[in-house]
Amino acid sequence: MALYEEQNLRIYNSLSGKKESFTPVHEGHVGMYVCGPTVYSKVHLGNCRTFMSFDMVYRYFLHLGYKVRYVRNITDAGHLEDDADEGEDKISKKARLEKIEPMEVVQRYTTDFHNILRKFNFLPPSIEPTATGHIVEQIEIIKAILEKGYAYEKNGSVYFDVQKFDSDFEYGKLSGRRLEDMIANTRELTAQDEKNNPQDFALWKRAEPRHIMRWPSPWGEGFPGWHLECTVMSTKYLGETFDIHGGGMDLKFPHHECEIAQAEARYGQSPVRYWMHANMLTLNGRKMSKSTGNNLLPEEIFEGNNPILSKAYSPSVVRFFMMQAHYTSILDLSDDALLAAEKGYIRLMDALALLDSIPISEKSDVDLNAWKQRCYDALNDDFNTPILIAQLFEAVKWIHLAREGRQNLSADDKTNLESSLNAFVFDILGIQKPIAGTEASGKVDGLVQLLIDMRNKARADKDYATADQIRDTLAELGIQLKDGKEGTSYQL
RNA sequence: GGCAUCGUGGCCGAGUGGCUAGGCACAGCUCUGCAAAAGCUUGUACAGCGGUUCGAAUCCGCUCGAUGCCUCCA
């Protein structure tokens with residue numbers, strides 16, 4: 001019996017606003033699509049948080065025994081800078097600024113994206129399709145939407161007719177907006193607009209002569225609109241009905257709303273069963289954003305070179321920090337918060353390392369299966385990783401107590417505890433062990449060990465002046481001695 | 001202006017009608033020659049004001065404050 005049959009997973013569906021019991025379209029299989037990055041600059045931490053949340057979701061599905069097809073796209077066709085301007089897209093703009101080919105921009109930042117995600121220990125998605133690789137499919141869906149009468153052509157561009165759509169379906173149901181309200185609150189657009197209505201959005205845009213990225217189409221040379229690629233690629237790889245569509249909260253409107261409209265216009269129904277939205281990561285209480293400059297690059301955290309940070313933090317510390325908050329909550333990043341997370345992370349890792357050495361008893365004082373189920377309950381409750389982590393610290397306490405002989409753990413329970421902890425910490429949360437002290441070379445290790453021996457001899461001789469001198473001088477060099485029951489160890 | 005979300009102990013962050021997580025910091029204790037490290041123990045908080053209820057951080061209303069979306073963004 002697969003694990004997913006024993007666990008009742010509930011997911012908060014953004015569309016219904018409720019937690020719903022998860023039942024996949026096809027028994028034993030999960031289809032999941034997540035909106036990926038637009039690769040025109042380095043990925044920032046906010047993106048990482050969203051993808052990390054879905055990485056954890058993906059990992060949990062796998063752990064439960066589902067066969068998962070996880071599709072996360074790369075947007076390499078750019079999006080329009082502004083609906084009202086000449087229709088220049090981000091990627092070609094960047095390419096012109098940097099005097100390189102658009103695909104060179106795409107290549108550079110796709111590589112950067114993958115490098116960062118690898119450091120964070122992300123599992124690669126099953127398919128990572130690109131927008132430019134699906135131009136033909138996008139043109140096909142535009143044709144179909146035109147045939148159904150939910151779009152119109154104007155001067156080589158094609159626009160989605162939101163009002164017509166809204167009369168047959170319901171535009172705005174995901175983001176809780178009503179079309180009438182949106183019409184009433186439309187801002188004045190300064191540039192002339194060839195759209196029939198301001199709410200309409202582009203499915204295809206005519207390319208101006210200076211536009212570099214362009215493809216031929218029945219409406220002339222141009223490029224696809226902002227929202228089309230996700231509709232096309234999700235249904236192409238996951239089918240006309242699939243389980244999960246995820247993305248950042250800021251994509252709810254208009255991006256996901258438009259995706260629903262396109263799909264309903266084309267297929268008569270939305271393909272998505274469960275909409276999941278990951279919340280924002282803020283910095284100094286403000287949203288991180290490429291455009292406002294209030295952002296922090298992952299590599300700046302790993303290297304500690306940003307004024308808001310007092311030190312460098314490893315990818316696993318950042319991951320632990322993020323997993324301590326629920327994915328639907330706004331999380332504020334600060335140096336203090338990272339510092340606290342780092343200590344918690346070390347405590348957890350230290351306890352895991354101690355697990356091997358704890359003594360075994362005849363019987364257990366703890367109900368390990370009940371604990372294990374509490375861990376699953378946390379994850380089953382819309383992937384509540386903070387609660388899971390709280391449970392993990394419960395286990396940390398047991399490990400310490402057992403080690404001191406204040407609590408009993410049977411051999412079976414010890415094995416069970418170890419495998420459970422490995423599953424929850426490493427497989428599902430995706431946290432990694434700290435890198436073993438490779439920075440201390442054999443020479444340094446030998447030197448420090450020698451000093452430790454000399455100090456211990458001084459202590460045995462009650463020559464505390466010498467002992468303390470060794471300890472304090474090492475401390476000044478950043479080497480901390482730790483006196484334990486089993487002798488002295490050190491940390492750089 | 002419109003539409004949302006949120007406001008929890010010193011900090012971060014779960015909980016969403018009664019059983020009131022967890023991490024960090026602080027304090028006490030154990031250990032130690034003294035420290036540090038490590039471990040143990042301790043914290044009754046939910047923006048304000050009303051209301052519903054036997055009972056509210058949790059539901060409803062108002063007020064104040066913060067943030068997000070409404071334009072490309074995870």
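Numbers restart at 1 for each chain; the letters A, B, ... are given by sequence-line order, proteins then strands.
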Margin query: Angle between ring planes, A:H245 versus A:H256, binned at 30° and 60°: parallel, tilted or perpendicular?
Written below: perpendicular
Check: With respect to the side chain of A:T50, which nucleotide from B:C70, B:G22, B:A74 is positioned closest?
Finding: B:A74
Notebook entry, point to check: With a 4.0 Å cut-off on heavy atoms, is A:Q480 in touch with a base, just the backbone sugar-phosphate, or nothing at all?
Noted result: sugar-phosphate
Check: Within the structure shown, what part of the strands sits under 4.0 Å from A:L281 by heavy-atom distance: base, sugar-phosphate, or nothing?
Finding: base
Margin query: Could you tell me how far B:U20 sits from B:A45 if I compare only their P atoms? Round to whole Å.
Written below: 14 Å
Notebook entry, point to check: Atom CZ of A:R455 and atom C1' of B:U32: how far apart are they, to the nearest Å?
Noted result: 10 Å
Note to self: Students often get this wrong, so: under 4.0 angstrom with heavy atoms, is A:G46 touching a base, only sugar-phosphate, or nothing?
What the structure shows: base
Notebook entry, point to check: Going by 5.5 Å between centroids and 30° between planes, is there a stack of A:Y464 over B:G33?
Noted result: yes
Notebook entry, point to check: Picking from B:G13, B:C73, B:C70, which would you name as closest to the side chain of A:L331?
Noted result: B:G13
Note to self: Side chain of A:K343, heavy atoms from C-beta onward: which of B:C24, B:A74, B:A14 has the nearest atom to it?
What the structure shows: B:C24
Next item on the list: For B:G39, take OP1 and OP2 only and decide whether either is under 4.0 Å from a side-chain N or O of A:R347.
Entry: yes
Item checked: Parallel, tilted or perpendicular: rings of A:F424 and A:W371 (30°, 60°) -> perpendicular
Next item on the list: Using Watson-Crick or G-U wobble geometry with both distances below 3.5 Å, tell me the partner of B:C26, or none.
Entry: none
Check: Under 4.0 Å: is that the gap between some side-chain N or O of A:R403 and OP1 or OP2 of B:A38?
Finding: no
Check: Using the C1' atom in both, what is the distance from B:A56 to B:C19, to the nearest Å?
Finding: 15 Å
Check: How is A:L392 classified with respect to the nucleic acid when contacts are heavy atoms under 4.0 Å: base, sugar-phosphate, or nothing?
Finding: nothing
Next item on the list: Kindly state each residue pair satisfying side chain to side chain donor-acceptor pair (under 3.5 Å) with at least one member in residues 310-320 of chain A, sequence neighbours excluded.
Entry: A:D55-A:R319, A:S310-A:D335, A:K311-A:E342, A:Y313-A:D335
Next item on the list: For nucleotides B:U16 and B:C54, find the distance between their P atoms and express it as a whole number of Å.
Entry: 23 Å
Check: Counting any heavy atom closer than 4.0 Å, what does A:D336 reach on the DNA or RNA strands: base, sugar-phosphate only, or nothing?
Finding: nothing
Item checked: Sugar-phosphate only, base, or nothing, as touched by A:K397 at under 4.0 Å among non-hydrogen atoms -> sugar-phosphate
Notebook entry, point to check: Which is true for A:A325 with a 4.0 Å heavy-atom rule: it touches a base, it touches only sugar-phosphate, or it touches nothing?
Noted result: sugar-phosphate
Item checked: A:R72 charged N/C atom sitting above A:F54 aromatic ring, 6.0 Å / 45° -> no
Note to self: Is it the case that the base of B:A36 and the side chain of A:R471 share a donor-acceptor contact (distance under 3.5 Å, atom types as modelled)?
What the structure shows: no
Notebook entry, point to check: Starting at CG of A:L338 and ending at C1' of B:G13, how long is that distance when rounded to a whole Å?
Noted result: 14 Å
Margin query: So that I can tick it off, tell me whether A:E20 and A:K18 are bridged by a salt bridge, with the cut-off set at under 4.0 angstrom between side-chain N and carboxylate O.
Written below: no
Note to self: Does the structure show a Watson-Crick or G-U wobble partner for B:U20, both distances under 3.5 Å? Name it, or say none.
What the structure shows: none
Item checked: N/O (side chain, A:H400) to phosphate O (OP1/OP2, B:G39) under 4.0 Å -> yes
Next item on the list: Using both distances under 3.5 Å as the test, list the Watson-Crick or G-U wobble partner of B:C34, or none.
Entry: none
Notebook entry, point to check: Which one, B:G39, B:A21, B:A14, comes nearest to the side chain of A:E404?
Noted result: B:G39
Check: For atom C1', what is the distance between B:C12 and B:A21, given to the nearest Å?
Finding: 14 Å
Check: With respect to the phosphate group of B:C69, does any side-chain polar atom (N or O) of A:R177 fall under 4.0 Å of OP1 or OP2?
Finding: no
Next item on the list: Check A:L451 against A:I470 and note the closest heavy-atom contact, atom names and distance.
Entry: O-CG2, 3.9 Å
Next item on the list: Side chain of A:P386 only, please: which of B:U67, B:A14, B:G22 is the nearest?
Entry: B:A14
Check: P atom, B:U53 versus B:C60: distance in rounded Å?
Finding: 16 Å
Notebook entry, point to check: Which part of the nucleic acid, if any, lies within contact of A:N384, taking any heavy atom under 4.0 Å across all strands shown: a base, the sugar-phosphate backbone alone, or nothing?
Noted result: sugar-phosphate
Item checked: Complement of B:C3, any strand, by Watson-Crick or G-U distances under 3.5 angstrom -> B:G68
Next item on the list: Output yes when A:E394 and A:R374 qualify as a salt bridge under the 4.0 Å nitrogen-oxygen rule, no when they do not.
Entry: no
Note to self: Within the 4.0 Å heavy-atom criterion, would you say A:G36 contacts the bases, only the backbone, or no part of the nucleic acid?
What the structure shows: sugar-phosphate
Item checked: Passing candidate, salt bridge (charged side-chain N to carboxylate O under 4.0 Å, His left out) with A:R459, options A:D483, A:D453, A:D468 -> A:D483
Item checked: A:H44 side-chain proximity, nearest of B:A35, B:G13, B:A74 -> B:A74
Next item on the list: Using whole Å, report how far CD1 of A:I330 lies from P of B:A74.
Entry: 17 Å
Margin query: Quick check for you: among B:G22, B:G33, B:A74, whose closest atom lies nearest to any side-chain atom of A:R459?
Written below: B:G33
Notebook entry, point to check: Base, sugar-phosphate alone, or nothing: which one does A:R49 contact when heavy atoms must sit under 4.0 Å apart?
Noted result: nothing
Margin query: Between the base of B:G33 and the side chain of A:D463, is one N or O donor paired with an acceptor at under 3.5 angstrom?
Written below: no
Next item on the list: Check every strand shown and say whether A:E342 touches a base, only sugar-phosphate, or nothing at a heavy-atom separation below 4.0 Å.
Entry: nothing
Item checked: Whole-Å C1' distance, B:U58 and B:U71 -> 37 Å
Note to self: Looking at B:A14, I'd like to know if its phosphate oxygens (OP1 or OP2) sit under 4.0 Å from a side-chain N or O belonging to A:S329.
What the structure shows: yes
Next item on the list: For the side chain of A:D468, starting at C-beta, report the closest nucleotide among B:C73, B:A14, B:G33.
Entry: B:G33
Notebook entry, point to check: B:A38 and B:G55: how far apart are their C1' atoms, nearest whole angstrom?
Noted result: 44 Å
Margin query: Strictly by Watson-Crick or wobble contacts shorter than 3.5 Å, is anything paired with B:A57, and which nucleotide is it?
Written below: none
Note to self: Between B:C6 and B:G13, how many Å separate the two C1' atoms, rounded to a whole number?
What the structure shows: 14 Å
Check: If you check every side-chain atom of A:A390, which of B:G33, B:C12, B:A21 has the closest atom?
Finding: B:A21
Checklist line | Mate of B:A45 where both pairing distances stay under 3.5 Å, Watson-Crick or G-U | finding: none
Checklist line | Test ring pair (Phe, Tyr, Trp, His ring centres under 6.0 Å) applied to A:F165 and A:F201, A:F160, A:Y159, the passing residue | finding: A:F160
